[in-house]
Each structure stands twice: as structure tokens, then as C-alpha cells.
Amino acid sequence: WKTKREWIMKTPGVVFALGAAVKAFTKPGDAVLIQNPVYYPFTNIIRDNDRRVIDNTLVYEKRVTEGKSQYSIDYEDFERKIVQEHIKLFILCNPHNPVGRVWTAEELQQLGEICLRHHVIVVSDEIHNDFVYPGYEHTVFANVDPRFAEFTVTCTAPSKTFNLAGLQTSNIFIPNRELRHRFRKAVDQAGYSQLNTMGLVACRAAYEEGSEWLEQVKGYLQENLTFARDYIANNLPGIH
């Protein structure tokens with residue numbers, strides 16, 4: 001994903017950015033769309049800012065023939081709720097936390113077309129993109145289609161990947177100048193002006209020097225995931 005320096009803003013955490021986006025792009029009483037089951041601060045940040053939570057609940061599918069189960073998106077419900085609730089803002093979790101889905105380019109394209117059709121701004125939380133395992137590929141929502149970048153706020157951070165949450169550093173990409181101005185104003189209204197120095201240094205060090213460490217972490221996680229699956233299969237029948 002080719003980005004530009006002027007797109008980037010720094011915030012003390014992605015949840016802070018979500019709150020700023022809710023304030024920047026909606027008004028009290030407006031509805032904001034999410035896809036449960038999702039990271040609980042999504043709901044809290046909407047309600048705490050006097051907005052209404054609208055849920056396009058993900059569909060859990062058990063594929064008996066394939067021996068797999070996964071979550072998918074109900075696109076009809078997604079568009080219906082956008083229309084019925086006059087949705088202005090959709091908070092996407094890509095990859096999704098906690099269900100673990102790495103949304104495909106095709107799935108994101110379908111979401112984006114609906115949002116484009118109804119003038120919905122998308123805040124895409126992509127903080128877990130570094131943890132995508134072999135066999136899957138993370139797709140930046142704003143990069144699926146050039147049109148999508150114009151209504152998307154992309155949120156990333158080194159906090160989950162490199163265990164730096166305490167240093168409160170996130171990277172927010174907003175290609176659209178007007179949206180960037182509105183977002184920055186909301187951040188300024190919160191009284192926030194400068195990121196802490198240690199957070200900046202740690203962020204740069206992680207991205208420039210942390211690749212070997214990250215690969216080891218991913219390997220460790222995969223080993224434990226395999227162990228957990230085997231244990232469940234052998235000791236807890238009926239649980240998938």
C-alpha cells in the first residue's frame with residue numbers, strides 16, 4: 001500500500017482515534033454501524049459519545065463437509081441497516097478481532113461498494129494486520145479500490161504486534177483532505193497536541209528493526225494454536 005506522508009496523523013491509541021472519528025463524522029443521536037462480535041471498545045466509544053450502536057451481526061457458519069467453521073458478512077442486512085438507520089459512519093475491524101477472519105479483497109469490495117453507494121465513511125481498524133498467518137493475505141480496505149480511499153480512515157499501530165500498548169502510539173491514515181481536517185479538529189478539541197517521545201522512538205524501532213522478533217512471535221502463536229486445537233479435538237468433543 002503506497003501511502004503519502006501528509007495522510008498520516010499520530011494518536012495515543014486506536015480507541016482514541018475511534019472516538020475522534022465518531023465526534024468528527026457524526027452528531028449526537030446519529031447511528032454508527034459495527035459488526036459484532038467485535039472488540040468491546042467499539043460499542044463503548046459510540047455510546048459514550050451519545051451515538052446509537054447499530055449491529056450488522058456476523059453470521060457463524062459450520063461447514064460440516066469441510067470440517068471448518070467461520071464467520072461471514074450478511075451484506076443484505078448491512079445495506080438494509082445503513083438505509084434504515086441513516087448510517088454515516090461504519091467502523092470496520094480488518095482483520096476481525098476476536099473472530100479471526102482475514103477479510104478477502106472480494107468481501108471488502110462488496111462492503112466498499114455499499115458504503116460508496118450510500119455515502120458512508122469507513123474507519124478501518126487494521127491493527128492486527130501483522131498477525132496474518134501463511135495461507136492468508138491481509139488487504140488494506142482503502143487499497144481495494146481507488147474510490148474507497150476517499151472515504152476511509154485507516155488505523156494501525158505497533159501496540160498489538162510489538163507489545164507497545166503502554167507507549168500509546170498509533171498511525172492514522174486519511175487520504176481525503178476534508179476528512180483529515182475534520183478528524184484533526186476533533187483531536188485538537190480533545191486537547192491533544194503531541195505524541196510522547198518514547199512512543200515515537202519505539203514505533204520507529206519496531207517497524208525498522210523488529211521483523212525477526214515478529215516472525216518468532218508468529219511462530220510461537222501458531223504452535224500454541226495448533227496445540228489448543230489438538231487438545232480440544234481430543235479432550236473436549238463437540239466443541240469446534
- Query: Would R52 and E85 count as a side chain to side chain contact (heavy atoms under 4.5 Å, CB included) if you check the C-alpha gap in whole Å, the side-chain angles of each, and the deciding distance to 0.1 Å?
  - Reply: CA-CA 9 Å; R52 295 182 295 117; E85 301 293 342; 2.9 Å; yes
- Message: What verdict does the salt bridge (charged side-chain N to carboxylate O under 4.0 Å, His left out) test give for K185 and D188, after you've listed the backbone C-alpha separation in whole Å, the side-chain angles of each residue and the deciding distance to 0.1 Å?
- Response: CA-CA 5 Å; K185 184 175 181 180; D188 291 343; over 6 Å; no
- Item | Side chain R147, main chain G112, donor-acceptor under 3.5 Å | no
- Looking at R204 and E208, does any basic side-chain N land under 4.0 Å from a carboxylate oxygen? yes
- Between K4 and P175, is any pair of side-chain heavy atoms under 4.5 Å apart? no
- Give the cluster check for L58 versus V122: same hydrophobic cluster or not, with ILVMFWY residues linked at side-chain heavy-atom distances below 4.5 Å. yes
- Among D74, D55, N56, find the residue that satisfies the side chain to side chain donor-acceptor pair (under 3.5 Å) test when tested with Q35. N56
- Please check if Y192 and I45 belong to a single hydrophobic cluster, counting links between Ile, Leu, Val, Met, Phe, Trp and Tyr side chain heavy atoms closer than 4.5 Å. yes
- Message: Looking at H96, is its backbone amide N or carbonyl O close enough to the side chain of R101 to form a donor-acceptor pair, meaning the two atoms are under 3.5 Å apart?
- Response: no
- Item | Gap separating the OH atom of Y133 from the NZ atom of K218, nearest 0.5 angstrom | 8.5 Å
- Note on the structure: Between A17 and C155 the two heavy atoms that sit nearest each other are CB-SG, 4.4 Å
- Item | Close side-chain approach of C115 and F90, heavy atoms under 4.5 Å | yes
- Are I34 and N36 close enough that some pair of their side-chain heavy atoms sits under 4.5 Å apart? yes
- Looking at side-chain heavy atoms only, is the closest gap between S124 and L108 below 4.5 Å? no
- Task: Find out if a path of hydrophobic residues (ILVMFWY) with successive side-chain heavy-atom gaps under 4.5 Å connects L200 to I172.
- Result: yes
- Item | Gap separating the CD atom of Q110 from the OG1 atom of T104, nearest 0.5 angstrom | 9.0 Å
- Considering residues, nucleotides and ligands other than K10, do more than 12 of their heavy atoms fall under 6.0 Å from its NZ? yes
- Item | Student check: side-chain heavy atoms of Y39 and V15 closer than 4.5 Å | yes
- Task: Please answer: with hydrophobic residues joined when any side-chain heavy atoms are less than 4.5 Å apart, are L89 and V153 in the same cluster?
- Result: yes
- Item | E113 and Q109: side chain donor to acceptor below 3.5 Å | yes
- D125 side chain vs I91 backbone, donor-acceptor pair below 3.5 Å: no
- Point-to-point distance, once rounded to the nearest 0.5 Å, from CD1 of I174 to NE2 of H181: 12.0 Å
- Task: May I ask you to decide if the ring planes of F148 and F151 are parallel, tilted or perpendicular, using 30° and 60° as cut-offs?
- Result: tilted
- Query: If you draw a 6.0 Å radius around CZ in R117, do more than 12 non-hydrogen atoms from other residues or ligands fall strictly inside?
  - Reply: yes
- Answer yes or no: are there more than 12 heavy-atom neighbours, outside H118 itself, under 6.0 Å from its atom NE2? yes
- Item | Expected output: side-chain N143 to main-chain T139 donor-acceptor under 3.5 Å | no
- OG1 on T154 to CD1 on I127, rounded to 0.5 Å: 13.0 Å
- Message: Less than 4.5 Å apart, side chain to side chain, heavy atoms only: is that true for L164 and C203?
- Response: no
- hydrophobic_cluster_shared for V123 and L116, side chain cutoff 4.5 Å: no
- Ignoring hydrogens and angles, tell me if any N or O in the side chain of E126 forms a donor-acceptor pair with the backbone of F141 under 3.5 Å. yes
- Message: Return the CG to CZ distance between D30 and R51, rounded to the nearest 0.5 Å.
- Response: 6.5 Å
- Looking at side-chain heavy atoms only, is the closest gap between F78 and V120 below 4.5 Å? no
- Item | P158 and D130, any side-chain heavy atoms less than 4.5 Å apart | no
- Task: Any chance you could measure W103, atom CH2, to H138, atom NE2, to the nearest 0.5 Å?
- Result: 13.0 Å
- Item | Over 12 non-hydrogen atoms of neighbours within 6.0 angstrom of CD in E137 | no
